[in-house]
2 protein chains.
Amino acid sequence: MNTAGTAPRRATIRTVAQAAGVSTATVSYVLSGRSGNTESSGVSSETELRVREAALGLGYRPNQAARAIRTGKSNLMMLSLTMLSDPWSLSVSKAVGSAVADAGITPMILADTDWRTAIRRQGADVVFIDAADGEGDAELLAELALSNRLVVFSETLEPNGFDVVRSMAGKSMEQAMDHLTASHSTVGCLTSAPSRKAPRQGRYGAYVRGLERAGLELREDHVATFDGDEFSAYEAAVTLLDQPDPPTAIFATSDFVAIAAIHAAQRLRLDVPGDVAVVGVGNTLQGEAMAPSLTSVGPAGFFDGLARFLVDRAHDPAAAVQVLEFPWQLFVRDSAPAVS
Amino acid sequence: MNTAGTAPRRATIRTVAQAAGVSTATVSYVLSGRSGNTESSGVSSETELRVREAALGLGYRPNQAARAIRTGKSNLMMLSLTMLSDPWSLSVSKAVGSAVADAGITPMILADTDWRTAIRRQGADVVFIDAADGEGDAELLAELALSNRLVVFSETLEPNGFDVVRSMAGKSMEQAMDHLTASHSTVGCLTSAPSRKAPRQGRYGAYVRGLERAGLELREDHVATFDGDEFSAYEAAVTLLDQPDPPTAIFATSDFVAIAAIHAAQRLRLDVPGDVAVVGVGNTLQGEAMAPSLTSVGPAGFFDGLARFLVDRAHDPAAAVQVLEFPWQLFVRDSAPAVS
DNA sequence: ATGAAAGCGCTAACAT
DNA sequence: ATGTTAGCGCTTTCAT
């Protein structure tokens with residue numbers, strides 16, 4: 001924990017105790033708040049004052065590792081966010097940042113890192129995992145849940161020692177597609193590469209069925225796939241739009257692709273929504289705040305709700321496991337307005 | 001650290017020792033790698049195997065808090081990043097992510113959080129602070145440096161118990177302005193609100209002097225200010241461009257405003273660089289990868305260099321304090337190409 | 001109202 | 001080659 005040259009040994013609880021002429025126990029009482037106004041347990045306000053002054057004078061800082069080993073609490077919240085530049089991740093981070101304000105807990109982000117290994121290295125009172133899909137993840141999570149309070153974001157996983165946060169798409173994807181097909185006869189899709197393999201499932205499935213409902217044909221040249229990062233998303237959007245017969249509307253399977261698509265369209269001198277309408281999925285803050293604001297389907301109050309839940313769990317890691325569901329809806333904004 | 005319902009007491013080093021029929025010391029030796037192939041200190045490979053099997057079978061995980069209290073090492077790197085959505089921050093995060101790959105250290109991001117309070121709560125082997133300007137920060141940092149290895153990014157601070165990372169703009173800002181004034185007679189500026197107060201200093205100062213060198217007048221309507229977030233930056237760019245007599249080039253004081261400016265221009269159906277050229281400051285990955293790629297002035301190899309430095313410090317927190325300087329240069333790319 | 005003392009899980013001398 | 005043991009800084013009974 002220390003330092004260059006001659007290390008001025010950090011003050012411990014014992015140093016403080018000596019300086020204040022009391023025992024370490026008393027110092028601990030005072031400094032961990034067991035001496036408040038309530039009559040709970042008593043340290044006279046004189047000694048309390050002396051202790052506080054000594055601590056201040058010595059620049060005493062409690063050693064969190066030592067505290068953690070005794071109490072089993074780290075006051076840490078860990079957020080594993082897979083793609084940090086995704087507005088979804090940024091929205092989570094921002095919401096959590098506000099929620100923990102005075103809760104005495106510190107949120108740390110594990111970015112683009114493998115939570116599978118990182119979690120065993122560093123514990124936290126609660127850890128949020130934004131993506132768990134892989135094969136054996138269910139078992140692994142169950143195992144990790146033995147020693148960490150886990151909150152997992154997943155549409156498919158069932159709670160098993162860990163909480164599951166789920167956003168229930170329900171009928172809202174259908175709504176989104178119907179919203180587009182109501183005024184467009186060509187609707188394109190931007191989706192992640194793997195999703196094409198399951199053409200009846202998930203977000204891409206919603207696209208396919210939406211076309212069917214509207215009696216529109218599924219055109220290969222109106223579907224573009226990307227993998228992972230935002231540049232790939234941008235390129236996919238260009239592929240879709242910079243062709244002889246581009247779609248006049250785009251169903252993007254996440255806000256972050258949708259935002260890339262809008263930028264791509266504008267670069268191609270296309271007006272959004274005039275020349276091409278865009279809807280995203282996720283209802284992120286960035287989508288809402290951009291210009292034109294992004295029409296998106298997603299859960300209402302999701303980020304704040306999630307943040308509150310995480311703070312709750314951090315405070316009470318022993319609470320019963322539960323699944324937290326956020327119903328979705330369609331948020332019609334400027335990038336794909338309602339037809340008049 | 002644990003859990004809902006009946007907590008299956010987590011295995012400790014002692015549990016493992018019993019199961020393997022050895023002492024805790026032996027377990028510790030094996031599990032913290034003091035039994036390698038070298039003849040350093042010896043644990044027979046049979047016992048090593050037995051220990052490893054026992055540990056595996058019991059699902060043993062070393063308690064990091066306990067380890068930290070003994071060794072004083074947390075294997076943690078803390079990155080305090082003030083505006084997480086800024087490509088600069090994302091570039092830092094990404095570079096660090098690669099650098100720590102097999103270094104056994106976990107990078108945690110403190111996002112938009114006040115490092116002043118957070119650091120005292122949670123220690124780390126090395127903590128990077130991306131912005132320290134405020135009044136008393138110099139003293140505070142010196143104090144925090146007593147108990148943490150600090151690496152501070154600052155143009156002005158002097159090392160004082162903490163390392164300073166500095167990117168030496170040198171003549172490169174002048175270059176950037178000259179690059180623009182060589183082919184443009186109207187150059188606008190996007191800068192942060194407070195910078196206007198010091199019209200001869202910093203990045204805004206470089207703009208002012210650049211105009212002077214070229215014999216161009218400083219026009220109030222060609223300077224727009226923003227504060228903080230990206231939406232404000234976007235608005236400022238629109239203000240600058242959506243007027244009767246907009247500039248044909250923009251000097252943006254950071255990549256993130258520059259990127260917002262390009263998006264704003266494209267939305268206004270302006271071609272970049274045809275109708276308006278843009279240069280940024282920072283030379284971030286996002287700027288480099290976008291379309292059109294962003295001409296920017298900034299340090300070469302900065303992010304990777306910084307990441308390596310941080311990993312070094314994490315491994316050897318007692319190394320002598322130093323200042324790390326990255327010379328800047330102008331990276332001419334598509335958003336403001338060279339004149340032919 | 002305060003203090004003595006027993007550990008939490010782990011590592012590192014120092015034995016053997 | 002392996003075991004004993006003394007703590008790291010802190011919290012928390014249990015005495016006083």
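Reminder, nothing fancy here: chain letters follow the sequence lines and each chain counts from 1. Atom set for the values below is all heavy atoms of this structure, side chains included, hydrogens, waters and symmetry mates excluded.
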Checking C:dG9, D:dC10, C:dC10 against the side chain of A:Ile69 (C-beta onward), the nearest is C:dG9
From NZ of B:Lys73 across to P of C:dT11 the rounded distance in Å is 14 Å
query = Do A:Leu306 and A:Val165 come close enough that some side-chain heavy atom pair is under 4.5 Å?
reply = yes
A:Gln64 CD to D:dG9 C1', in whole Å, measures 11 Å
Ranking C:dA4, D:dT2, D:dC8 by distance to the side chain of B:Arg70, first place goes to D:dC8
With a 4.0 Å limit, can you tell me whether A:Thr26 has a side-chain N or O closer than that to the phosphate oxygens OP1/OP2 of C:dG3?
yes
Pair A:Phe302 + A:Phe153: ring centers closer than 6.0 Å: yes
Rounded to whole Å, CD1 of A:Ile13 lies from P of C:dA5 at a distance of 17 Å
Checklist line | Salt-bridge criterion met for A:Glu143 and A:Arg116 (N-O under 4.0 Å) | finding: no
Whole-Å distance, A:Asn63 CG to C:dC10 C1', equals 14 Å
Rounded to whole Å, the OH-C1' distance (A:Tyr60 to D:dC10) equals 7 Å
Against the side chain of B:Thr24, the closest entry in C:dT2, D:dC10, C:dT11 is C:dT11
**Prompt:** In terms of side-chain geometry, is the basic nitrogen of B:Lys94 or A:Asp112 positioned less than 4.0 Å from the acidic oxygen of its partner?
**Reply:** no
When rounded to whole Å, the CG to P distance for the pair B:Leu31 and C:dG9 reads 16 Å
Between CZ of A:Arg14 and C1' of D:dC8 the distance, given in whole Å, is 9 Å
Closest of D:dT12, C:dG3, C:dC10 to the A:Ser23 side chain is C:dG3
Out of C:dC10, C:dA12, C:dG3, minimum distance to the side chain of B:Tyr29 belongs to C:dA12
Testing C:dC10, D:dA1, C:dT11 for proximity to the side chain of B:Ser44, the answer is D:dA1
Practice item. Taking only the side-chain nitrogens and oxygens of B:Ser28, find out if one of them lies under 4.0 Å from OP1 or OP2 of C:dT11. Key: yes
### Query
Does the C:dG9 base have a donor-acceptor partner in the side chain of B:Arg67 within less than 3.5 Å?
no
Per atom distances to the B:Ala25 side chain, the nearest of D:dC10, C:dA12, C:dG9 is C:dA12
Atom CZ of A:Arg50 and atom C1' of C:dG3 are separated, to the nearest Å, by 13 Å
Would you check if there is a donor-acceptor pair between the side chains of A:Ser167 and A:Glu325 at a distance under 3.5 Å? no
